[in-house]
Amino acid sequence: MALQDRIAELQVREERARAMGGEEKLARRKAQGVLDARERINYFLDEGSFIESGLLGVSSVVPEDRDHTPADGKIAGFGRVEGRPVGLVSNDFTVKGASSSLTNMKKISHVKRVATERGFPLVFFGESSGARMPDNMGSRGMGTLLGNDASQYVRHRETPWATAILGQCYGSSAWYACLSDFTVMRKGAVLAVASPVLASLAIGQHVEPEELGGWELHSKVTGLIDRVAETDEEALDLVRTYLSYLPSHHNEPPPCLAPDSADDEPAAAVTDILPENRRRGYDVRKIISAVVDKSSFFELKPRFGRTAVTGLARLNGATVGVVANNPMFKAGALDVPGCEKITRFLVMCDSFNIPIVLLVDTPGFVIGIEGERMKAPGKIMNFMTALQMCTVPKLSVIMRKSYGQAYLNMGGGRNSDEVAAWPTAEVSFMDPEYAVQVVTWGRDLPEAEVDAIKREMDRDNEVWGLAEIYAAQAVIAPDETRQYLTRMLEIHSMRRSGGVGQHRLAAWPTTF
Amino acid sequence: MATTEVASEVTGSVWKVELEEGDHVDEGSVIMILESMKMEIPVEAPVAGKLVDVRVSPGESVEEDQVVCVIQS
C-alpha cells in the first residue's frame, strides 16, 4: 500500500473514532442540552491543547465489538488548563455506556501513571454504566480484566485529582469521583454503587435515580461531592477554578497570583459583620470574604456539615485553605458532618502544601445521642489527629467563642503555628451559660450569688488571660486580620523545603 | 415581577419579626430573628424588594427549609 493510502486510512480510522456512538445518539444528547464527551474536552481545555492517547483503541475482548467501540468508550489524553498540563479521561456514554473493558482500562491506567510520574493533575468526566458485559463476566473475565492493576484505586495524592459527575456514574466512575480531591456534580447526574435497575433486581428496592444518588443526597447528606452545577459547562468551569488554587503536584507550592492582580484592600468590613451581642448569629462566610482577596473564596461542600465552612481562597495572591465555624448553624457547635468535612479538607491542604487559616467561633462539639450514634468521639479524634499531623503552616484566629476540646481542634494552644485572638474572644473549658449551672448543681444558692459566679467566669474567659500567658501570640483588632494573616503567612512560609510540606496525610482515606 | 421565597436555614422558633408586610427591604435587611441553640439567628433578605408575605409569628416553631416570608422585586 502506498504511503498516501496508509495516511488516508489513518484519517478514515480517526474520523470513525471521532464519530463516537453515532449521529443519532449524539443528537439525542444535544436535544437534552448535555454536552458529548468530546465537546466537554474542547470546552474544558485551553483551546487546541488536547493531545489524545488511544484514539484508535477499540474493544480487545469481544471481536464483534471492534467496529462498534470507537476509542473503546473512554476518551483519554493530555491538555492544558490556564497553560498548565493536565491528564484527562472523558467517558463517552454513547459507546456502550462508557462501560469499563480491557482497552479503556489500559488507557486510564496510562494517563494516570503519566500524570502522577510527570507531575500534573488528573481530571475525570464521569458518566459510565460500570463494568462492561460480557467482557468482565465469568471467572476468566474477572481474572483477566478487573483486579490486575494494584494501583488502580490507591490514592496517594501526589497530584490533584478532580471529577465532574456529568451523567450516570456507577462502578469505576463513581470510585474515581470518591477518590478525587474535588468533585462537582451536575444536577440530574447520579453517583451510586450500582444503578437503580440493579438495585431493583437485586434487593427489590424501587428507587428513583435522583433518590439513589442525586445532587441533593450527595450535597446535603453524604458530602461526597464538593459543588453542584446547573449545566455541564458550569461544572467544567468549577473544575478549572478549583485547579487554579492547586499546585500541579505535591512537590511544588501552590501557584501565587502576581501581587498586582490580587486585591489588597484592608478588611474594613469585618467589624460591621461581627455582631456586638455574643448570642447573635452571623454568617462567617461574610467575614471570610472580607478577609481574603476579593472574590477569591471558593467554598467546598457548602450544603454539607454547615456548622463548619471550608474553602480555598487567596491572601495577597497566595492560596490558603480556610476552616471556620459558622454560628448561623447549631450556634457553630461542631457536629459529625462538620468534623468529617474539616478532616477531609485538612488532608487535601496538607497533601498539596496549602497553608491553613482557622477562624474560630464555636461553643464546642455538638453533644447528645445523635452525635454519639454517629461516632462523634472518633470523628473528633480523626479531625484532631489530622490537624496535628499537618505540616503546612497553620494560623488560628479566635474571633469569639472557643470552648473545650473544640479549642484544641480549632488550633488553640500549640495546635497551630500562631494563635491570634480578637478582643471579643472568650476561651474556657465550658461556656459560662452552662458552666455556672454545673458548679452550682445541687446547691441552693441565692440568684445574686449565681450571677456573681457567672460574672467572674465571664471575666476569666476574656482574651487577656490568654495573651498574658502567651497562649495567644497576638491580640488583634478584627480589621487587622487580613494584614496579620498575610504577614504571618510570609513568616511561616516553608523556606527550607521550597514551600513543600511532608504530606503525612497524603494516603489518608478519602471519606470519613 | 419576581417573587423570592425566603426559607429558614435552621430549625428553631421565631423570636422577633422586625419588619411588616409592605415594608421595603434591601439585600441583607434583617426581616426576622429566630432562636436556635440559644442563639439569635437573623433571617436576611436575599434580594431587595417589597415584603409581601410574612408567614410566621413570634413564638412559632420553624423547620429548616420552611418558607418564612416572601419578597417581591
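We name chains A, B, ... by the order of the sequence lines, and we start the count at 1 in each one. Every heavy atom of this structure was used, including side-chain atoms; hydrogens, water molecules and symmetry mates were not. In this text, all values refer to a predicted model and were calculated from it rather than measured experimentally.
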- Partner chain B: residue of A:Ala331, A:Pro275, A:Ala333, A:Pro363 with the largest heavy-atom pair count (under 4.5 Å):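 Looking at each option in turn, the highest pair count goes to A:Ala331.
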
- Query: Can you tell which of A:Lys286, A:Lys330, A:Arg279, A:Arg306 has the highest number of heavy-atom pairs within less than 4.5 Å of chain B?
  - Reply: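 Highest number of heavy-atom pairs under 4.5 Å: A:Arg279.
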
Are the side chain of [X] and the backbone N or O of [Y] linked by a donor-acceptor pair below 3.5 Å?
{"X": "A:Asp335", "Y": "A:Gly338", "value": "yes"}
{"X": "B:Asp53", "Y": "B:Cys69", "value": "no"}
{"X": "A:Arg303", "Y": "A:His218", "value": "no"}
{"X": "A:Ser428", "Y": "A:Tyr403", "value": "no"}

- Task: Please look at B:Ile33 and chain A and tell me whether the side chain, the backbone, both or neither of the residue comes under 4.5 angstrom of a heavy atom of that chain.
- Result: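 Side chain of B:Ile33 only, per the 4.5 Å heavy-atom cut-off to chain A.
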
- Message: Heavy-atom pairs under 4.5 Å with chain A: which of B:Glu64, B:Met39, B:Glu44 has the most?
- Response: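 Sorted descending by pairs with chain A, the first entry is B:Met39.
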
Name the region of [X], side chain, backbone, both or neither, that has any atom closer than 4.5 Å to a heavy atom of chain B.
{"X": "A:Pro327", "answer": "both"}
{"X": "A:Asn277", "answer": "side chain"}
{"X": "A:Arg278", "answer": "backbone"}

- Query: Is there side-chain contact between A:Val397 and A:Val291, with at least one heavy-atom pair below 4.5 Å?
  - Reply: no

- Query: So, for A:Met384 and A:Leu408, which heavy atoms are closest and what is the spacing to 0.1 Å?
  - Reply: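 Looking at all heavy atoms of both residues, the closest pair is CE-O, 3.5 Å.
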
